[in-house]
Amino acid sequence: EDQVTQSPEALRLQEGESSSLNCSYTVSGLRGLFWYRQDPGKGPEFLFTLYSAGEEKEKERLKATLTKKESFLHITAPKPEDSATYLCAVQAWGQFYFGTGTSLTVIP
Amino acid sequence: DTEVTQTPKHLVMGMTNKKSLKCEQHMGHRAMYWYKQKAKKPPELMFVYSYEKLSINESVPSRFSPECPNSSLLNLHLHALQPEDSALYLCASSHGPGQKNQPQHFGDGTRLSIL
């Protein structure tokens, strides 16, 4: 059964305290893995696309990596404005599977 | 600002009302999607349109009726909704549901409340 699991469910960090979010997946025929950021009351905002194992993408304090079974979203020296829910989604043969998300709170 | 525009942003309706949600994209995408999202949950897929034809209907009750008038527009017609239908309704678009490595781009949603 195709499945996407994110951990942890919630994460509280002090400003400047780096950490990583995990997205594990079991799908047949991976056609892309995507990271999104979602603020309360807003739609998911696209961050990164990953496709090949070993691939890495960076944007400001965020870096996404991909292996054959999981992806990590590394947050370096986070700021309070990085507080949001981070969603991972996997595309497999036309279907899009979302993980349950990680709620990140960065405390000043 | 998102490139997928949804109207209205908020909608309050009674269980006997008929209303429509609207979505527009100008990115040249040929696939459009409706999702329902409850608080603290991920988006749940409702419908997929590919080249203006309905390709996926995730067993959604008939009180939700999608329509795709052209490649840029997507509507969701609502009738006789139940209180449990209160949620954030998200529209998304992408180059095509079968094309690999193509993310979906989301609007900011319509917050729907059923009285």
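Not measured: the values here are computed from a predicted model. Chain A is the first sequence line, chain B the second, and so forth, proteins listed ahead of strands; every chain is numbered from 1.
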Query raised in the report: Going hydrophobic residue to hydrophobic residue with side-chain gaps under 4.5 angstrom, can you get from B:W34 over to B:L88?
Result: no
Requested in this report: Measure the spacing between CD of A:E9 and NZ of B:K40 and express it to the nearest 0.5 Å.
Outcome: 10.5 Å
Report summary line: Greatest number of non-hydrogen atom pairs under 4.5 angstrom with chain B, of A:P40, A:G29, A:G101, A:P44, falls to A:P44
Query raised in the report: Is the closest side-chain heavy-atom distance between A:V4 and B:P42 below 4.5 Å?
Result: no
Query raised in the report: With the 4.5 Å side-chain cut-off for hydrophobic clustering, are B:L73 and B:L54 part of the same group?
Result: no
Query - Which portion of A:Y51 sits near chain B, non-hydrogen atoms under 4.5 angstrom - result: both
**Report entry** Any donor-acceptor N or O pair under 3.5 Å, side chains A:Q38, B:Q37
**Finding:** yes
Query raised in the report: Any chain of hydrophobic side-chain contacts (each under 4.5 Å) joining A:L47 to A:V106?
Result: yes
Query raised in the report: Around B:K38, counting heavy atoms of other residues, nucleotides and ligands shown, do more than 12 lie under 6.0 Å from its NZ?
Result: yes
Requested in this report: Give a yes or no on whether the backbone of A:G43 and the side-chain of B:D108 come within a donor-acceptor separation of less than 3.5 Å.
Outcome: yes
Query raised in the report: Are B:F106 and A:Y36 close enough that their ring centres sit under 6.0 Å apart?
Result: yes
Report task. Determine whether A:Y25 and A:F34 fall in the same hydrophobic cluster, where Ile, Leu, Val, Met, Phe, Trp and Tyr are linked whenever their side-chain heavy atoms lie under 4.5 Å apart. Result -> no
Report summary line: If one checks every heavy atom of A:L50 against chain B at 4.5 Å, the contacting part turns out to be backbone
Query raised in the report: Do other residues, nucleotides or ligands put more than 12 heavy atoms under 6.0 Å from the NZ atom of A:K57?
Result: yes
Query raised in the report: Which value, rounded to the nearest 0.5 Å, describes the distance between B:K41 atom NZ and A:F98 atom CZ?
Result: 15.5 Å
Report summary line: For B:Q102 and A:F96, the nearest pair of non-hydrogen atoms, with its separation, is O-CE1, 4.3 Å
Query raised in the report: Above 12 or not: heavy atoms from other molecules or residues under 6.0 Å from CZ of A:R12?
Result: no
